[in-house]
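Structure, as structure tokens:
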Protein chains: 2
Amino acid sequence: MHKRILVVEDEASIRDMVAFALRKADMEVIHAADARAALSAISDTPPDLILLDWMLPGMTGLELARRLRAEERTAEVPIIMLTARGEEMDRVSGLEAGVDDYVVKPFSTRELVARIKAVLRRAQADGGTGSIEMGGLRIDGPAHRVYAGDTQIEIGPTEYRLLHFFMTHAERAYSRAQLLDQVWGGSVYVEERTVDVHIRRLRKTLEPFGLDGLIQTVRGTGYRFSASP
Amino acid sequence: MHKRILVVEDEASIRDMVAFALRKADMEVIHAADARAALSAISDTPPDLILLDWMLPGMTGLELARRLRAEERTAEVPIIMLTARGEEMDRVSGLEAGVDDYVVKPFSTRELVARIKAVLRRAQADGGTGSIEMGGLRIDGPAHRVYAGDTQIEIGPTEYRLLHFFMTHAERAYSRAQLLDQVWGGSVYVEERTVDVHIRRLRKTLEPFGLDGLIQTVRGTGYRFSASP
DNA sequence: TCGCAACGTGACAGTCTCGTGACAGCGCCT
DNA sequence: AGGCGCTGTCACGAGACTGTCACGTTGCGA
């Protein structure tokens with residue numbers, strides 16, 4: 001799996017470390033120290049994935065992410081954000097800007113590579129359209145919409161994020177803590193049982209469309225999303 | 001969440017403080033004063049996480065980290081480094097060696113525990129073992145599912161953990177005490193005979209699928225999981 | 001062959017988990 | 001201000017799961 005990764009990061013030490021790890025994982029690394037350099041690097045050939053630092057000189061990573069999403073050439077390129085601890089609270093707005101995943105500094109290279117691979121795998125799975133379909137349910141990432149066949153389903157923000165996470169991480173059990181981490185964002189204090197309630201609401205929203213059994217309870221562990229019962 | 005943590009630290013005061021905090025957080029603490037002791041402690045059963053002091057007599061923590069990464073048994077075990085203030089600049093080389101996180105001294109035990117939990121959660125999220133198949137039985141770790149051929153088997157939490165342990169430690173006999181340790185978690189008080197009952201339940205759930213004889217009784221010792229009768 | 005210890009089995013009551021409905025607080029729009 | 005959608009929390013109850021006991025069976029050494 002040879003892939004081209006664009007690393008947008010101004011701090012040399014982190015850049016070098018990342019480059020070292022990615023090359024070891026058989027990936028090609030392109031550097032950009034700031035947003036302008038990133039945009040010009042992309043104008044040539046879009047990479048397979050962009051690794052973006054949250055804090056950049058000139059333009060924030062979030063802003064750049066939005067720009068990249070707006071441009072057709074790069075709208076479909078997965079983006080992973082690098083954030084320092086304490087910046088996590090903006091995870092939700094980041095996810096809404098179309099960022100695919102977050103890695104919080106300090107991170108281990110092992111974790112980084114694992115996340116990158118996961119995101120690449122997912123990107124490949126949804127064929128680049130940004131929408132995922134399974135079990136009669138379709139979620140349109142860029143448009144923030146959910147369909148059951150042709151009819152659109154009205155869905156709240158949290159329910160949407162939960163469903164989106166599930167559909168991008170199907171066939172796998174997650175604990176309530178993990179779901180809080182991933183869907184609510186790492187730095188919030190909410191009861192774990194709150195997850196149950198949102199699961200319940202999501203199930204209730206999907207039920208009228210004959211979409212039962214998609215969200216399964218894994219007793220003693222958490223929940224799982226899967227098209228097969 | 002009962003976890004085994006190996007603490008590699010030569011300074012007694014820090015070691016005791018850490019041990020106290022971790023035990024309070026329901027973790028089992030193994031201790032090693034230097035690199036050699038650490039390696040020998042690991043040779044038995046690898047822990048779930050290693051807490052490593054940067055400065056150690058004989059071998060630096062970094063060196064030890066590399067050694068651990070190189071060895072297959074411990075390559076996946078998360079490592080957290082304890083560093084004194086001012087040693088931070090070497091963070092990059094540490095991350096290159098595959099260290100998962102840093103905690104800078106002086107630290108609060110609360111922070112330490114939080115970091116440990118975070119790292120454990122991430123390590124667990126990275127999928128771990130994937131799926132294992134043997135003797136016509138397949139267990140899908142990430143999805144938390146068990147199959148006999150194509151049909152899924154309904155299974156309770158404890159039965160699942162027991163089966164999972166057996167399939168990851170097949171062809172070897174375990175005493176009831178060992179099973180309680182590994183499957184129930186070390187800090188619980190249950191009768192040893194309880195193991196028998198769960199073995200029985202597991203056998204019973206597997207039986208309808210023609211999966212007999214997978215769990216064998218080793219009279220006077222305990223039980224063993226094996227594909228061959 | 002006998003007797004004992006180890007193991008299998010069924011039943012049971014307590015505990016824990018999860019689903020569910022209700023409710024109050026909050027931000028937003030009219 | 002009032003209505004409305006959304007969210008987090010709580011309390012309750014059904015059902016699943018668990019640990020333990022009592023008793024039946026089996027294997028093994030004397």
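Chain identifiers are assigned alphabetically (A, B, ...) following the order of the sequence lines, protein sequences preceding nucleic acid strands; residue numbering begins at 1 within each chain. Remember, it's a predicted structure, so these values are computed and weren't measured experimentally.
- In this structure, A/F166 and A/F225 have parallel ring planes: the angle between them is below the 30° cut-off, well short of the 60° mark.
- Atom pair A/L202:CG and C/dT20:P shows a separation of 13 Å (rounding to whole Å applied).
- Nearest-nucleotide positions on DNA chain C place B/G220 closer to the 5' end than the other of A/G220 and B/G220.
- A straight line from CD1 of A/I199 to C1' of D/dT7 spans 15 Å, rounded to a whole angstrom.
- The pair B/D140-B/R145 fails the salt-bridge criterion, with no side-chain N (NZ, NE, NH1 or NH2) lying under 4.0 Å from an Asp/Glu carboxylate O.
- Under 4.0 angstrom from either OP1 or OP2 of C/dG19 there lies at least one side-chain N or O belonging to A/Y223.
- With A/R176 as the fixed residue, the side chain to side chain donor-acceptor pair (under 3.5 Å) test singles out one of A/T221, A/T194, A/D196: A/D196.
- The side chain of B/R176 lies closest to C/dA6, out of D/dT20, C/dG19, C/dA6.
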Got a list of protein N/O to nucleotides 16-18 of chain D N/O distances below 3.5 Å?
| unit_1 | atom_1 | unit_2 | atom_2 | d |
| --- | --- | --- | --- | --- |
| D/dT18 | OP1 | B/T158 | N | 2.9 |
| D/dT18 | OP1 | B/T158 | OG1 | 2.1 |

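- Distance A/K204 NZ to D/dC6 P: 14 Å, rounded to the nearest Å.
- Using modelled atom types, one finds a donor on one side chain and an acceptor on the other under 3.5 Å when comparing B/E159 with B/T205.
- In this model, no donor atom of one side chain and acceptor atom of the other lie less than 3.5 Å apart for A/R224 and A/T217.
- Among the atoms of the strands shown, none is found under 4.0 Å from any heavy atom of B/V195.
- Per the geometry, CZ belonging to A/R193 stands 10 Å off C1' belonging to D/dT9, to the nearest Å.
- Rounded to whole Å, the distance from CG on B/L179 to C1' on D/dG19 is 16 Å.
- Atom C1' of nucleotide D/dC21 and atom CG of B/D196 are separated by 13 Å, given to the nearest angstrom.
- In terms of phosphate contacts, A/R203 brings a side-chain nitrogen or oxygen within less than 4.0 Å of OP1 or OP2 of C/dG19.
- Note: CD (A/E191) to C1' (C/dT17) measures 15 Å, nearest angstrom.
- Under a 3.5 Å cut-off, the side chain of B/E28 and the backbone N or O of B/L22 do not form any donor-acceptor pair.
- Straight-line distance from the CD1 atom of A/I215 to the C1' atom of C/dC18: 14 Å, rounded to whole Å.
- Between B/T217 and the phosphate of C/dG8, there is a side-chain N or O to OP1/OP2 separation shorter than 4.0 Å.
- Classified by interplanar angle (parallel below 30°, tilted 30° to 60°, perpendicular above 60°), the ring pair B/Y160/B/H144 is parallel.
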